[in-house]
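Below you'll find the structure, written out as structure tokens, and then a few comments.
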There are 2 protein chains.
Amino acid sequence: MKDIRVLLVDDHPVVRAGLRAMLAAFEGISVAAEASEGEAALNEVKRLQMLGDPVDVVLMDLQMGDGMDGVTATSHIKRLETPPPVLILTTYDTDADILAAVEAGASGYMLKDAPPEQIHQAVVAAIAGQTVLAPRIAALLMGRIKNPAPALTPREIQLLELLATGLPNRSIAKQMFISEATVKTHLVHIYGKLGVDNRTAAIAAATQRRIIRVAGQQP
Amino acid sequence: MKDIRVLLVDDHPVVRAGLRAMLAAFEGISVAAEASEGEAALNEVKRLQMLGDPVDVVLMDLQMGDGMDGVTATSHIKRLETPPPVLILTTYDTDADILAAVEAGASGYMLKDAPPEQIHQAVVAAIAGQTVLAPRIAALLMGRIKNPAPALTPREIQLLELLATGLPNRSIAKQMFISEATVKTHLVHIYGKLGVDNRTAAIAAATQRRIIRVAGQQP
DNA sequence: TCCGGGGTCAACCTTTTGATTGACCCGCAC
DNA sequence: GTGCGGGTCAATCAAAAGGTTGACCCCGGA
């Protein structure tokens, strides 16, 4: 039987080397290619498909130093004709990342501190078409069901993240390519969902519920 | 000549495997042991010294899921009789732990996205007794010397903490038993010291410099 | 097909925040 | 005792943020 062909996407050479070494310990699996950034990853997927030697699964980090980020790359890959499953493998377990990644079409969400067997199993399960979630992620999602989720939209979360960096509405508008009026509209919605009435309280609430992460904060 | 003996300390199996594979590519260097957390690292150093087979250098991550963190572990190791050099190898360059790590006696500070040769060179330099800093870290430290610490007063920090919970000036005033005018005065001072011009940015700056801690944030 | 939600924008008005100036009290170091 | 920094307060004006209403577009599901 042919080996499972994996594409590694991570901006850290150390992590790529680690995954490569880790996967090498298992039978029937091999690293087809590596990419240090989203755009390169997309091109690799396309290139190998063109060559008739497609990757079976993509292991994708979310945080990328520069270049296209993991969520964007995932959604691009998922828009291909015959997209491979994309397994997110990242360091953090915040809502912002998870929701965006799942919406972008990711087949799973694993944390980097997972033991080798778990990562291997996740890869196999992803190829089988299953959705795999790290236990901590699963628990987090369960908790969210019991605790009526605020249900912020991706756009709102994106805005919230800019908000937390201390930008005024005007700058947020520029960065998001929308008008200040729209920023205000989003803010009103966010305040309503979070049950607050000012930006500072919104950041506090969102941080507490792990919807966003703030500077200097550990996973 | 005897191999350089390295101790790897990182809570992520993936990263440990990566470093191991990466170092294996170089001559004259070998991984003597691994630890997933600070206390285990300290014990490994002691154990190998006792066996008369001491490690020559420690590669230490700062962020540790649970157990003793990297800074604490470093200072413990440095209190041994014949401490090996400790090279910090971490993900963030915004981390306020940089200063703490250097104070704890770290011989260097590298980022995980560094290419293999750089990491190898850093290890060699650390053993030679040199201090090695990633270019980005060096630049950051320089900036911090030029821009000395803000030196907020206790009262200002207290206010900042209330600020971070999302309270408006009026409520902060009540909780601190002062007038709203005084709250504003304090805020102006805080903004000046932190180099910002609004409350949200003040929280972001104070959080990043670990002046305050926000909800949901780990120590 | 119609409806609803997400996303966008504008006008308007109120409230809050930010910036400036000036003032007073207190304790402590010089 | 004089000066200085921390802490307190007030008045005032300008700027930003918050709240409301109403509107348009697009898309996907009932």
Side-chain angles (χ1 to χ4, degrees), chain A residues 71-72 75-76 78-79 95-96 98-105 148-207 211-212, chain B residues 148-207 211-212:
Chain A
V71 173
T72 311
S75 73
H76 277 301
K78 281 303 180 184
R79 271 183 237 136
D95 266 17
I98 301 172
L99 290 181
V102 170
E103 261 193 25
L152 294 177
T153 68
R155 198 68 168 154
E156 285 164 355
I157 292 176
Q158 186 188 350
L159 195 152
L160 212 34
E161 274 163 351
L162 291 176
L163 195 68
T165 68
L167 295 177
N169 292 345
R170 188 188 312 278
S171 307
I172 295 175
K174 275 181 192 161
Q175 286 216 23
M176 293 180 68
F177 302 106
I178 57 181
S179 81
E180 218 176 311
T182 306
V183 172
K184 287 190 176 189
T185 306
H186 282 309
L187 282 177
V188 169
H189 293 159
I190 291 172
Y191 297 159
K193 291 180 182 177
L194 294 180
V196 299
D197 61 356
N198 69 70
R199 54 180 52 219
T200 319
I203 294 171
T207 306
I211 295 169
I212 58 168
Chain B
L152 295 176
T153 69
R155 199 69 169 153
E156 285 165 356
I157 293 177
Q158 187 188 351
L159 195 151
L160 213 33
E161 272 161 355
L162 291 176
L163 195 67
T165 67
L167 296 177
N169 293 346
R170 186 186 314 276
S171 309
I172 294 175
K174 274 181 192 161
Q175 287 216 23
M176 292 180 69
F177 303 106
I178 57 180
S179 80
E180 216 175 313
T182 306
V183 172
K184 286 189 175 189
T185 306
H186 282 310
L187 283 177
V188 169
H189 293 159
I190 292 172
Y191 296 161
K193 290 179 183 179
L194 294 181
V196 300
D197 62 356
N198 70 70
R199 54 180 55 217
T200 319
I203 295 171
T207 307
I211 295 170
I212 58 167

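Computed from a predicted structure; not experimentally measured. Chain letters run A, B, ... following the sequence lines, proteins first, then strands; residues in each count from 1.
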Write down the atom of [X], the atom of [Y], and the distance for their closest heavy-atom approach.
X: A:A202; Y: A:L160; answer: CB-CD1, 4.4 Å
X: A:I203; Y: A:A164; answer: CD1-CA, 3.5 Å
X: A:T200; Y: B:L163; answer: CG2-O, 3.1 Å
X: A:A173; Y: A:E180; answer: CB-N, 3.8 Å

Measure the distance from [atom1] on [X] to [atom2] on [N] and round it to the nearest whole Å.
X: B:H189; N: D:dG6; atom1: NE2; atom2: P; result: 9 Å
X: A:R155; N: D:dC25; atom1: CZ; atom2: P; result: 19 Å
X: B:M176; N: D:dC9; atom1: CE; atom2: C1'; result: 14 Å
X: A:I190; N: C:dG7; atom1: CD1; atom2: P; result: 10 Å
X: A:F177; N: C:dC9; atom1: CZ; atom2: C1'; result: 18 Å
X: B:I178; N: C:dC25; atom1: CD1; atom2: C1'; result: 15 Å

Would you say the side chain of B:V183 lies within less than 4.5 Å of the side chain of B:M176, judging by non-hydrogen atoms? no

Pairs under 3.5 Å (N/O, protein and nucleotides 15-21 of chain D):
| from | atom 1 | to | atom 2 | distance (Å) |
| --- | --- | --- | --- | --- |
| D:dA16 | OP2 | A:R170 | NH2 | 3.3 |
| D:dA17 | OP2 | A:N169 | N | 3.2 |
| D:dG18 | OP1 | A:Y191 | OH | 3.0 |
| D:dG18 | OP1 | A:R199 | N | 2.8 |
| D:dG18 | OP2 | A:Y191 | OH | 2.7 |
| D:dG18 | N7 | A:K184 | NZ | 3.2 |
| D:dG18 | O6 | A:K184 | NZ | 2.8 |

Check the phosphate of C:dG7 against A:T182, side-chain N and O only, distance under 4.0 Å to OP1 or OP2. Yes or no? no

Return no unless some side-chain N or O of A:H186 is found under 4.0 Å from OP1 or OP2 of C:dG7. no

Is it the case that the side chains of B:T185 and B:T182 hold a donor-acceptor pair, with the cut-off being a distance below 3.5 Å and no angle test? no

With the side chain defined as heavy atoms from C-beta on, B:S179 is closest, among D:dA10, C:dC9, D:dT8, to D:dA10

